[in-house]
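Numbers for residues simply follow the sequence, beginning at 1. Predicted model, so just to flag it, every value in this text is computed and none were measured. No hydrogens, no waters, no symmetry mates; every other heavy atom, side chains included, goes into these values.
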Amino acid sequence: MSILDRFAVTDQVAIVTGAGRGLGAATAVALAEAGSDVLISARTQKQLDRVADAVRATGRRCLVVPADLSDLDAVAGLAQAAYDEFGRLDTVVNNVGGTFPTEFLKTTNDFLNEAFSFNVTTAHALSVAAVPLMLSSAPEAQKSITTISSMMGRTADRGFIAYGTAKAALAHWTKMAAQDLSPKVRVNGIYVGSIMTSALEYVAGQPEMMAQLEGKTPLGRVGEPEDIAAAVLYLSSQAGQYVTGKMLEVDGGIQQPTLDLGFPDVS
């Protein structure tokens with residue numbers, strides 16, 4: 001096997017959540033280019049259809065499942081849907097998540113609970129449903145779960161008490177799940193830095209904010225969705241076969257928050 005062959009996931013099956021655009025879309029296409037059939041899910045049918053066209057253009061199959069992924073039954077059901085369609089399941093990419101920045105005193109208990117559920121419990125629900133199906137099919141193939149966390153889960157800044165706490169919890173969930181599921185299923189995650197997706201559209205239109213963000217990033221630029229997709233492929237393939245329970249930092253080298261959102265002192 002050549003070194004490039006280790007990055008192939010030929011004839012495997014992957015689930016990618018939050019796959020209508022951005023990181024999830026890029027990841028679904030990357031896994032297809034490397035040989036995997038893919039189930040993609042998000043809320044918006046039209047977005048998913050565009051991603052499905054890109055997946056199918058690689059010659060691989062794609063199952064589109066529009067769903068509200070804050071519904072834990074819906075997210076868990078993706079595992080059986082993939083297995084029923086493709087006859088196996090090898091890879092899960094828990095990409096769904098996100099929470100708006102909010103001032104501390106405006107962060108209600110419900111808001112915090114929702115952030116935790118959307119970023120952590122969804123990953124748990126899908127993974128619990130997926131693992132028995134992963135273990136029952138093609139045991140010779142790599143079995144991998146990858147979570148998409150954020151650099152805000154390892155740093156601290158104002159306004160991110162809900163989001164940052166949830167992403168930190170997701171990172172620790174990743175490490176704990178890796179212990180529970182070793183040696184048959186590897187579990188890893190990615191601390192994502194500033195990536196040019198829809199989440200940065202407003203910032204991209206503000207030259208001063210973009211200059212601040214890029215200036216505080218050692219590599220001097222924001223990342224591309226394919227930067228994250230490449231890391232997911234590494235973790236999902238035999239290239240990463242000796243890696244589990246780890247969080248990769250794909251963030252341009254940042255060690256501190258890169259954008260001051262201007263949240264005031266409490267008063």
Side-chain angles (χ1 to χ4, degrees), residues 1-42 47-65 78-96 123 126-127 129-148 178 181 183-190 192 195 223-244 246 248 250:
M1 178 181 291
S2 73
I3 195 66
L4 290 180
D5 287 338
R6 288 178 177 264
F7 289 88
V9 287
T10 305
D11 295 331
Q12 295 188 22
V13 172
I15 295 172
V16 183
T17 59
R21 58 185 179 178
L23 307 184
T27 296
V29 174
L31 290 169
E33 288 177 344
S36 186
D37 297 324
V38 189
L39 179 152
I40 57 175
S41 187
Q47 292 178 342
L48 290 170
D49 287 342
R50 287 194 292 269
V51 178
D53 287 343
V55 168
R56 291 168 183 146
T58 70
R60 303 308 309 188
R61 294 176 292 169
C62 186
L63 176 62
V64 174
V65 183
L78 299 179
Q80 191 66 53
Y83 189 83
D84 290 345
E85 178 73 13
F86 300 120
R88 62 186 286 175
L89 181 56
D90 306 284
T91 302
V92 171
V93 182
N94 286 306
N95 175 60
V96 67
L126 176 53
S127 300
V131 165
L133 301 175
M134 298 168 88
L135 296 178
S136 69
S137 58
E140 75 286 351
Q142 290 284 309
K143 306 296 180 181
S144 172
I145 297 171
T146 302
T147 62
I148 304 300
L181 300 179
K184 293 186 177 180
V185 180
R186 296 183 299 104
V187 187
N188 296 287
I190 301 172
V192 174
I195 305 295
E224 302 172 353
E226 289 76 15
D227 294 324
I228 306 305
V232 173
L233 178 59
Y234 164 69
L235 292 172
S236 302
S237 67
Q238 282 187 285
Q241 67 181 356
Y242 201 51
V243 182
T244 197
K246 303 302 179 184
L248 297 187
V250 185

Qualifying residues under side chain to side chain contact (heavy atoms under 4.5 Å, CB included), relative to A52, sequence neighbours excluded: I40, R56, C62, V64
With a 3.5 Å distance limit and no angle check, can you tell me whether T17 reaches the backbone of V96 through a side-chain donor-acceptor pair? yes
Compare every heavy atom of L89 with every heavy atom of A130, then report the nearest pair and how far apart it is. CB-CD2, 3.7 Å
My understanding is that only residues two or more places apart in sequence, or in another chain, count here; which of them pass side chain to side chain contact (heavy atoms under 4.5 Å, CB included) with R61? D37, F86
Ignoring hydrogens, what is the shortest heavy-atom contact between V51 and A25? Give both atom names and the distance. CG2-CB, 3.6 Å
Set out, in order, the CA-CA distance, both residues' side-chain angles and the distance that settles side-chain contact (heavy atoms from CB on, under 4.5 Å) for L39 and E85, then state yes or no. CA-CA 9 Å; L39 179 152; E85 178 73 13; over 6 Å; no
Between L31 and A14, which heavy-atom pair has the shortest distance, and what is it? CD1-CB, 3.8 Å
Pairs involving residues 223-244, ordered by first then second residue, that meet salt bridge (Lys or Arg N to Asp or Glu O under 4.0 Å) (sequence neighbours left out): R221-D227
Sort out for me which residue in V16, N95, T146 forms a side-chain contact (heavy atoms from CB on, under 4.5 Å) with V232. T146
Nearest heavy-atom neighbours spanning A32 and V55: CB-CG1, 3.7 Å
Any pair with a residue in residues 132-143 that passes side-chain hydrogen bond (donor to acceptor under 3.5 Å, both in side chains), sequence neighbours left out, goes on the list, sorted by first then second residue, please. D90-K143, Q142-R186
Which heavy atom in L233 sits nearest to a heavy atom in A34, and how many Å separate them? CD1-CB, 3.6 Å
Short question: side chain of S41, backbone of V65 - any donor-acceptor pair under 3.5 Å? yes
By the salt bridge (Lys or Arg N to Asp or Glu O under 4.0 Å) test, which pairs, at least two apart or in different chains, include something from residues 3-21? D11-R60
Nearest non-hydrogen partners of L23 and I148, listed with the distance: CD1-CG2, 4.1 Å
Is the backbone N or O of P183 less than 3.5 Å from a side-chain atom of T244, with the two atoms forming a donor-acceptor pair by type? no
Are the side chains of N94 and I145 in contact, using a 4.5 Å heavy-atom criterion? yes
Set of residues satisfying side chain to side chain contact (heavy atoms under 4.5 Å, CB included) with respect to Y234, sequence neighbours excluded: F7, A239, V243, L248
Given the options V93, T147, I228, I190 meets side-chain contact (heavy atoms from CB on, under 4.5 Å) only with I228
